[in-house]
Amino acid sequence: LQNVKLQYACEAIRMRCVTIFVGCLVFFDTITLYNFSQIRLIWVIIGVFIAWLFFWKEYAPIFRKATVNVDKDVLKTQRSYAWKIMIGMQIGTIYSQIGQQFAISFLWPYDAGIWTNYMTFFTGISVFTGPIIAYLFPLFTELYKKNEQTKIKLVQKYLIRWVIIASVWIAIGWWYFSERAAVTFLTEKFRMSGILFKWTSLGMFFVIATWVQFALLAGAWLVQE
């Protein structure tokens with residue numbers, strides 16, 4: 001229903017609670033793969049429950065008064081849209097794991113560890129860029145629906161500036177910081193992870209621009225593109 005504030009409130013509550021509880025496990029040195037997985041699963045369930053409460057509070061009166069009207073043309077369009085998104089997401093999930101599997105199969109566990117820790121740097125970047133990029137889809141869906149061409153062009157103009165500024169900041173900052181971060185958080189033996197990202201950071205413009213462009217195309221319903 002494109003209530004962006006409620007959507008992100010639910011996700012923020014879930015992720016912050018996961019972070020706090022995992023931090024406690026690390027602090028008390030009791031973390032295992034089992035209880036780490038348990039915490040994530042428990043907060044998914046609690047997150048769904050919180051989302052349901054928000055949903056019921058905001059929209060229950062509407063549903064009580066509403067009548068159901070089945071529009072076959074709309075359902076056909078939505079099905080056509082949905083299966084492409086579903087397949088695309090599954091391909092993305094599988095593709096994201098291929099590098100790790102290749103490292104394990106053809107190299108050694110240590111090399112796989114270097115690769116895994118290298119990928120965590122992208123997670124660090126997405127902590128800052130992710131919320132903005134995720135907001136673009138509902139925003140542009142709404143703007144295209146209302147045919148607000150002036151606002152669309154204005155947002156696109158600011159996005160270009162934001163991507164360029166963010167890319168320059170990342171390139172400069174991580175060129176000097178990534179090796180130190182790898183040694184500080186991952187120990188000396190994984191310095192190579194930092195060195196790899198040090199060079200990768202110079203090309204982050206293309207990575208961020210791709211994330212943004214995907215969100216804009218999705219918001220404009222250009223699924224195949």
Side-chain angles (χ1 to χ4, degrees), residues 1-20 47 51 54 81 84-86 88-93 95-96 99 115-182 184-186 193-225:
L1 296 169
Q2 295 189 356
N3 192 325
V4 179
K5 289 183 179 179
L6 289 185
Q7 176 188 344
Y8 283 102
C10 294
E11 185 63 10
I13 291 170
R14 185 180 74 83
M15 288 306 299
R16 287 175 184 178
C17 290
V18 169
T19 304
I20 290 168
F54 279 143
Y81 184 85
K84 293 169 186 174
I85 291 294
M86 182 185 70
M89 290 180 69
Q90 299 308 316
I91 290 172
T93 301
Y95 179 73
S96 67
W115 172 261
T116 301
N117 290 323
Y118 162 69
M119 295 303 293
T120 61
F121 283 96
F122 288 95
T123 305
I125 298 297
S126 66
V127 166
F128 299 99
T129 59
I132 299 172
I133 294 171
Y135 179 68
L136 295 179
F137 174 73
L139 173 64
F140 273 84
T141 300
E142 191 71 18
L143 291 176
Y144 275 107
K145 182 181 178 181
K146 295 179 179 178
N147 198 28
E148 298 274 7
Q149 294 298 325
T150 303
K151 290 182 180 179
I152 289 170
K153 291 179 180 178
L154 182 64
V155 175
Q156 287 176 336
K157 183 177 74 173
Y158 282 112
L159 276 173
I160 292 170
R161 295 179 184 176
W162 175 78
V163 170
I164 292 172
I165 292 170
S167 302
V168 171
W169 175 81
I170 290 169
I172 295 173
W174 286 100
W175 176 263
Y176 292 102
F177 184 63
S178 57
E179 264 191 80
R180 297 178 184 177
T184 302
F185 295 110
L186 307 171
S193 300
I195 294 173
L196 288 171
F197 194 78
K198 177 179 178 180
W199 289 95
T200 304
S201 66
L202 299 179
M204 280 302 293
F205 169 81
F206 302 101
V207 176
I208 298 174
T210 301
W211 292 343
V212 170
Q213 186 63 26
F214 185 85
L216 299 190
L217 290 172
W221 284 67
L222 300 173
V223 184
Q224 289 180 323
E225 287 79 357

*Would you indicate whether the side-chain heavy atoms of I132 and W162 approach each other to under 4.5 Å?*
yes
*W115: partners by ring pair (Phe, Tyr, Trp, His ring centres under 6.0 Å), with sequence neighbours left out*: Y118
*With F140, which residues qualify under ring pair (Phe, Tyr, Trp, His ring centres under 6.0 Å), at least two apart?*
none
*Does anything in residues 147-158 pair up under side-chain hydrogen bond (donor to acceptor under 3.5 Å, both in side chains), and if so which pairs, sequence neighbours excluded?*
N147-Q149
Rounded to the nearest 0.5 Å, how far apart are [atom1] of [X] and [atom2] of [Y]?
X: F137; Y: L217; atom1: CZ; atom2: CG; value: 11.5 Å
X: Y176; Y: K198; atom1: OH; atom2: NZ; value: 8.5 Å
X: I165; Y: I160; atom1: CD1; atom2: CD1; value: 12.0 Å
X: T200; Y: M119; atom1: OG1; atom2: CE; value: 9.5 Å
X: L216; Y: L143; atom1: CG; atom2: CG; value: 10.5 Å
X: L159; Y: I164; atom1: CG; atom2: CD1; value: 11.0 Å

*Can you label the angle between the F197 ring and the W174 ring as parallel, tilted or perpendicular, going by 30° and 60°?*
perpendicular
_Shortest non-hydrogen contact from C10 toward F54_ = SG-CD1, 3.3 Å
Taking side-chain contact (heavy atoms from CB on, under 4.5 Å) as the test, write out the residues that go with [X], two or more places apart.
X: I195; result: E179, R191, M192, W199
X: S126; result: T123, T129
X: Y135; result: V4, Y8, L139
X: A215; result: I133, L136

_Set out, in order, the CA-CA distance, both residues' side-chain angles and the distance that settles side-chain contact (heavy atoms from CB on, under 4.5 Å) for F121 and I170, then state yes or no._
CA-CA 11 Å; F121 283 96; I170 290 169; over 6 Å; no
*Assess whether atom CZ of F122 is packed by more than 12 heavy atoms of other residues, nucleotides or ligands within 6.0 Å.*
yes
*Do other residues, nucleotides or ligands put more than 12 heavy atoms under 6.0 Å from Y144 OH?*
yes
*Give a yes or no answer on whether the side chain of T184 reaches the backbone of A181 with a donor-acceptor pair at less than 3.5 Å.*
no
